[in-house]
Amino acid sequence: MADRPWPGRPYPLGATWDGEGVNFALFAGDALLVELCLFDEQGRNEIERIVLDECTDQVWHCYLPQARPGLVYGYRVHGPWEPALGLRFNPHKLLLDPYARAITGTVRWHDALYPYIRGHEREDLSFDRRDSAPFVPKGRVIETAFSWGGDRRPDVPWNETVIYELNVRGFTMRHPDVPEALRGTYAALAQQPVIDYFRRLGVTTIELMPVHAFIDERQLVEKGLRNFWGYNTLGYFAPEARYSASGRIEEFKSMVKALHSAGIEVVIDVVYNHSCEGNHLGPTLSLRGIDNAAYYRLDPANPRLYTDYTGCGNTVNLAHPRTLQLVMDSLRYWAEEMHVDGFRFDLAPALARAAGGVESWNSLFDVIRQDPVLSRAKLIAEPWDVGAGGYRVGNFPMGWAEWNDRYRDGMRTYWKGDGGAIGEFARRLTGSSDLYGRSGRRPHASINFVTSHDGFTLADLVSYNERHNEANGEGGADGHNHNLSWNCGVEGPTDDPQVRALRARQQRNFLATLLLSQGVPMLLAGDEIGRTQRGNNNAYCQDNEISWVDWTIDEERASLLAFVRRLIRLRREHPSFRRRDFFQGRPLRGGGVKDIFWLRPDGAEMSDHEWEREHARSLAVYLAGEGLNEVDRCGRAVRDDDFLMLFNAHHEDIDFVLPALPGEAWRCVLDTAWRDDRGCDPSAIGVPGTRLGAWPAGTVCTLRGRSLALLTRPASLP
């Protein structure tokens, strides 16, 4: 690189190969000098430093005509060391380009990573001059060309979406049909046996836990642990290298292309609310040393400290236009260059904070709403952060869906058998119109889930009353206390056949409720085969068999898997369970029957005061097939069968009287207790051995304790 660099351009930011050379551009608003540092191919030895003489609108830039893809680089940024003013420049610390499309190397924890002398009484009163370059990851220039061929986004309608949340590494690390060298990687998810599994299961959308480059926290490394979940982002453009079998960006693109060819969407979990640099005592790896005051929210009363709405030490400052640009450029890159179909935003209210608190709208939501690419993506918010006023369920703008923890808690409370829960249960079952309907949003705004990566798996939800997180090295004190779980009488594993049968039935109850509810269901990977984390409800640092999916399929697991497949197929075939609009509760045309009404076990419609009864744990709901109020693509009215759903969270059997409604007799297609007492698999919907008899109105149906049943008949109206 002996030739003098050309001036280059301030846009685009990052390192951009144009076929003849590479343009470098870095925003560093308060910097006094920026040096581009070039390294050998392995990133070990610094071979050249280039002073960037050009600065346009606070962007430092140059063009290297000799540079090619594969070049390894970083930056050193000079400026004042005045932490009391929020200025934390230290040119002895090599900095990763925030726009790096690929990252080589990993963080090797050493005190040289810190801009101050670690252990000093006050970090702002010391200054560390050791070179951090040997210990930090570097950026690598890439060639972006890729043959997408005829790749087309599946564009699954929201009301037909079934989300499957998984960890790239954990999902295939023990998969017997994936070559060992590929397990735990993007390439593994593109293997035909894995794609066939997704298709047979019936899910439409894979939600990947964070795939942006992230690091392992120092305290975990010192305990011999790793960050397994990935919510510790280092770079917002580069795919996490530990998930790559080839070390090439094309591997992620090939995975997306393969999933798209099977009609499966890819949504990624993004962590724009904080970075891996932690609080004011954290290391300097990238943003902190480039422009601390621009990239992070600082305490107005003491800019030495950070405002932390995330519980991770810092909050990314989207109020600054260049930080907002970083996030938007990252989102567009993943949507346009990597072809992902949507994003799940971790701790999303932290992105909407203004001086007065959390806003329903701010610049991020405004620019996404008008963006021609991102406005068409699936946008999902985790609608809470840890700051005051940060719980915002039901308050995100039009066009956004939200993880609905009210659904999770309502279903757990009901099936746990607690009293006074039927009102909340009914609201969540029917799409949470109280949360989303008032603002004109639709049922698909609610992402319904019973379990997610954060907390118990489904099998553990019905097997443990207490968390068992000892393996995390925090004395078992980490993770949630408020699990709303029930161990069915025994804590942890048991050979008691009655307890095991009850646990299996409870899992079926949760899964059937989830997949028959209005809104968008989200399954946690492995719940369909009874995956356990041995009672660990915070397995963020367990990159081992605690978190990896066990693909051993015995008879019990095979039965549960078949049950889930049937449920998803039932949901797909019947629009009554995936309505586009909320129920109205009004009589249908041509008769007095409403599109939905709720029944007591005696067959009579529930009155208002009966919703408040503490002892009530059983109820039924009628869904009229003629009540969809929808048309298909040809303009024809969408019709469906009538359905009657019977729920019994009481421990004793309950007799239900089928309602006296005009129309044909009822037929039972699902009973979650069927296998327990009659030796018949509840997944065998509509095949010999299940309740296929015709049950006319007035028939008494005995529903076993802690179970649900689904009955159907042709629509009652012509």
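Please read these numbers as outputs of a predicted model, since none were measured by experiment. Nothing fancy with the numbering, it's 1 onward along the sequence.
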Does some side-chain heavy atom of Asn404 sit less than 4.5 Å from a side-chain heavy atom of Ile447? no

Does a side-chain N-to-carboxylate-O contact under 4.0 Å join Asp341 and Lys378? no

So which atom in Asp405 and which in Tyr391 form the shortest heavy-atom distance, rounded to 0.1 Å? OD1-OH, 2.6 Å

The test is side-chain contact (heavy atoms from CB on, under 4.5 Å); show your working for Arg322 and Val59 and say whether it passes. CA-CA 10 Å; Arg322 288 295 187 179; Val59 175; 3.5 Å; yes

Side chain to side chain donor-acceptor pair (under 3.5 Å) with Tyr306: of His274, His280, Arg288, only one passes, and it is Arg288

Can you measure from CG (Leu87) to CD (Glu82) and round to the nearest 0.5 angstrom? 6.0 Å

To the nearest 0.5 Å, what is the distance between CG (Leu374) and CE (Met328)? 4.5 Å

For the pair Thr315 (side chain) and Thr307 (backbone), establish whether a donor and an acceptor sit closer than 3.5 Å, ignoring hydrogens and angles. yes

Side chains of Asn314 and Tyr295: any donor to acceptor distance under 3.5 Å? no

Atom OH of Tyr540 and atom CG of Asn469: how far apart are they, to the nearest 0.5 Å? 9.5 Å

Between Tyr236 and Tyr272, ring centroids under 6.0 Å: yes

Can you check whether Cys276 reaches Leu234 side chain to side chain, under 4.5 Å on heavy atoms? yes

Apply side-chain contact (heavy atoms from CB on, under 4.5 Å) to residues His320 and Phe27 and explain how you reach the verdict. CA-CA 12 Å; His320 193 284; Phe27 161 74; 3.8 Å; yes

Do His480 and Arg467 have side-chain heavy atoms sitting under 4.5 Å apart? no

Would you check if the side chain of Asp111 reaches a backbone N or O of Arg118 as a donor-acceptor pair within less than 3.5 Å? no

Output, in order, the C-alpha distance, side-chain angles, deciding distance and verdict of salt bridge (Lys or Arg N to Asp or Glu O under 4.0 Å) for Asp128 and Lys93. CA-CA 9 Å; Asp128 191 289; Lys93 310 307 168 185; 2.9 Å; yes

Gap separating the CD atom of Glu277 from the CG atom of Asn232, nearest 0.5 angstrom: 10.5 Å

Less than 4.0 Å between a side-chain N and a carboxylate O, is that true for Arg88 and Glu123? yes

What about the rings of Phe228 and His453, do their centers lie closer together than 6.0 Å? no

So, for Pro115 and Gly282, which heavy atoms are closest and what is the spacing to 0.1 Å? CD-O, 4.0 Å

Going by atom types only, do Asn472 and Asp478 share a side-chain donor-acceptor pair under 3.5 Å? yes

As a quick check of understanding, evaluate salt bridge (Lys or Arg N to Asp or Glu O under 4.0 Å) for Asp53 and Arg4, giving each step before the final call. CA-CA 11 Å; Asp53 294 324; Arg4 181 176 177 83; 3.4 Å; yes

Pair Asn279, Asp308 - check side-chain contact (heavy atoms from CB on, under 4.5 Å), show working. CA-CA 8 Å; Asn279 64 16; Asp308 182 10; over 6 Å; no

Any cation-pi pair here, Arg353 with Tyr309, using under 6.0 Å and within 45°? yes

With no hydrogens and no angle check, is any side-chain donor or acceptor of Glu143 less than 3.5 Å from a backbone partner on Ala145? yes

Smallest heavy-atom separation, Asp291 atom then Gly29 atom, equals OD2-N, 2.8 Å

On a heavy-atom basis, the closest approach of Leu324 and Leu318 is CB-O, 3.9 Å

Main chain of Leu225, side chain of Asp216: is a donor-acceptor contact present, judged purely on distance under 3.5 Å? no

Can you establish whether the number of heavy atoms outside Arg49 located under 6.0 Å from its atom CZ is more than 12? yes

Measure across Glu165 and Trp403 and return the closest heavy-atom pair with its distance rounded to 0.1 Å. OE2-CH2, 3.7 Å

Validate the cation-pi geometry between Arg101 and Tyr333: distance from NZ or CZ to the six-membered ring centre under 6.0 Å, angle to the ring axis within 45°. yes

Close side-chain approach of Leu113 and Val107, heavy atoms under 4.5 Å: yes

Taking the side chain as every heavy atom from C-beta outward, state whether Trp229 and Asp454 have any pair of such atoms under 4.5 Å apart. yes

Drop me the distance from Met209's CE to Ile268's CD1, to the nearest 0.5 angstrom. 13.5 Å

Return yes if a side-chain donor-acceptor contact under 3.5 Å exists between Ser275 and Tyr296, otherwise no. yes

Any sub-3.5 Å donor-acceptor pair from Trp109's side-chain atoms to Phe135's backbone N or O? no

Is Glu54 close to Tyr63 at the side-chain level, that is, under 4.5 Å between some pair of heavy atoms? no

Has the side chain of Glu251 got a donor or acceptor atom that lies under 3.5 Å from a matching backbone atom of Ala245? yes

Indicate yes or no: at least one non-hydrogen side-chain atom of Pro210 is less than 4.5 angstrom from one of Glu240. no

Measuring from atom OH of Tyr99 to atom CG of Leu13, what distance do you get when rounded to the nearest 0.5 angstrom? 4.5 Å

Parallel, tilted or perpendicular: which fits the ring planes of Tyr243 and Tyr186, with parallel below 30° and perpendicular above 60°? perpendicular

Any side-chain donor-acceptor pair under 3.5 Å between Asp346 and Asn273? yes

Count the heavy atoms belonging to other residues, nucleotides or ligands that lie under 6.0 Å from CD of Glu474, then report whether that count exceeds 12. yes

Would Glu337 and Lys253 pass as an ion pair if we require N to O under 4.0 Å? yes

Under 6.0 Å between the ring centres of Phe365 and Trp400? yes

Are the side chain of Arg68 and the backbone N or O of Glu20 linked by a donor-acceptor pair below 3.5 Å? yes

Quick check against the 3.5 Å criterion: does Lys138 have a side-chain atom that pairs as donor or acceptor with the backbone of Ala133? yes

Quick one: does any side-chain atom of Glu207 pair with a main-chain N or O of Asp269 as donor and acceptor, under 3.5 Å? no

Determine whether Val221 and Arg218 make a side-chain contact, defined as any pair of heavy atoms from C-beta on separated by less than 4.5 Å. no

Would you name the heavy atoms of Ala293 and Leu298 that are closest together and state the gap between them? CA-CD1, 3.9 Å

Donor-acceptor pair, side chain of Ser547 and main chain of Gln542, under 3.5 angstrom: yes

Please determine whether the number of non-hydrogen atoms from other residues, nucleotides or ligands lying under 6.0 Å from atom CZ of Phe127 exceeds 12. yes

Could you walk me through whether Trp17 and Asn23 pass the side-chain contact (heavy atoms from CB on, under 4.5 Å) test, one step at a time? CA-CA 7 Å; Trp17 158 249; Asn23 191 81; over 6 Å; no

Is the number of heavy atoms from other residues, nucleotides or ligands under 6.0 Å of Arg226 CZ greater than 12? yes

Can you tell whether the side chains of Asp366 and Arg369 come within less than 4.0 Å, N to carboxylate O? no

